[in-house]
Amino acid sequence: MLMFWILLLSLVKLCTASAAMSSSCAPALADLPQPSDLPIIDTLSDPFTFRLLNRRVQSHAWECRREELMVLVQQYVYGFYPDHSREQVHAFNADVLFPPEMGRGERVPVVITTGPTDLVPANTTSFLESGVAVAQFDVNTVANDSYTRIGAFWDLYSDRDIGVMTAWAWAEHRILDAIEQVVPEIDTTRVGVVGCSRYGKAALAAAIFDQRIKLALPLSSGAEGIGPWQYYYESQGAAEKIENITTKYGYWSDTELWKFDNVTGNSTRIPFDAHELVALVAPRAILWDEGQEDWWTNPEGSISVVFGAAKIVFDWLGAGENVGIHVRHPPDDLHCGESAYPAIQPFVKKVFFGTPASVNFSDISPFPPHPEAYPWSLRVPRV
């Protein structure tokens, strides 16, 4: 097993999504409503209807709808992703672990993991045994997991209204920049991101903001991740809600999200939901894992509601095989169970190596389907 320490410098790359979008599809920032002026949405928002342009998506117009969504998610949750082509020198450490059976001259895929380094090693073995390299870094060297703005990201952007999830996503993109430059053993056309809990939220953000990422693996991510804002199933235990994030972990998002706490309808006014965050990854691949009894992350909402709704978008784009879910059953059915990592490897191998998967990654049991959450599925645009 080899280990590289990567020094990340200012690399002028234009691959990531820029906050300053100039397109007839992207709404002007001046036109974005205040949270109190947004309409209440009774079900999951329709991904095939432009929220501000008041028209339906046509078969050729998904990229246009995606541009509108990108502005909305940055305005109301993430903060606007910085144009890093203008960055000065910045540095933080990352390391790369290579598969033990790697052949001479072989180029392997990589997953970038998010989290404190003392928690990451438990996550690496399954990927390495699948022939996938693992890049890891300590998030606190980039953006401290607190309201205190310490770390490489804040050295550059301390004056910006940006959430820590976006800062951690930015770090994963800068690691990928460095790998492209100095690690020829990595095939950078096969890149994934993985994280659990709050780090799963960050992995989803990383995939949303950088289309070089081919596979997203947000595990047990809850609200602001795969957990829906609108639908909570709490017969067995409380689920994470918008007010839990904004009152205790408000630094995860921009301050615009905080405003939804104080308006009638609360999260029903957010002009998108988790299924549209997933749809922003399409047609690239994404799979999430939930513990059956991990009530705080709202597993029934993530599995039955978000997967069902997001799958419609992926199917419409001809990429239905690129979205999947996995439910951990007892005894390892709580938060961030370690059995998730070997369980998701067939999906990883399918995406990175084209290996057929015998596992059904559309199995939502023991949860029931909830098509009532997305009635717009009956009027999907023609392809």
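Counting from 1, the numbers follow the sequence of the chain as shown.
Not counting sequence neighbours, Glu243 has no partner by the salt bridge (Lys or Arg N to Asp or Glu O under 4.0 Å) test.
For the residue pair Thr113 / Asn123, no side-chain donor-acceptor distance below 3.5 Å is found, with atom types taken as modelled. For the 3.5 Å distance criterion, the side chains of Tyr157 and Glu87 qualify, holding a donor opposite an acceptor. In this structure, a donor-acceptor pair under 3.5 Å is absent between the side chains of Gln230 and Ser267. If you check the side chains of Glu276 and Ser45, you find a donor sitting under 3.5 Å from an acceptor. Side chains of Tyr251 and Asp145: a donor on one and an acceptor on the other come within 3.5 Å.
What you find for Asp333 and Arg328 is that their closest heavy atoms are CB-O, 3.3 Å.
A cation-pi geometry, defined here as NZ or CZ lying under 6.0 Å from the six-membered ring centre and within 45° of its normal, does not hold between Lys214 and Phe352.
Applying the side chain to side chain donor-acceptor pair (under 3.5 Å) definition to pairs two or more places apart or across chains, those involving residues 363-381 are Glu300-His370, Asp363-Ser365, His370-Glu372.
With ring centers used as reference points, Phe153 lies 6.0 Å or more from Phe92.
By the 4.0 Å N-to-carboxylate-O rule, Asp254 lies too far from Arg160 to be salt-bridged with it.
The closest side-chain heavy-atom distance from Leu215 to Val191 is not below 4.5 Å. Contact annotation: the side chain of Phe98 never approaches that of Val132 to less than 4.5 Å [non-hydrogen atoms, C-beta and beyond]. Counting only heavy atoms from C-beta outward, the side chains of Glu224 and Trp252 approach each other to under 4.5 Å.
Taking the six-membered ring where tryptophan is involved, the planes of Phe307 and Trp288 are perpendicular, since the angle between them exceeds 60° and thus also 30°.
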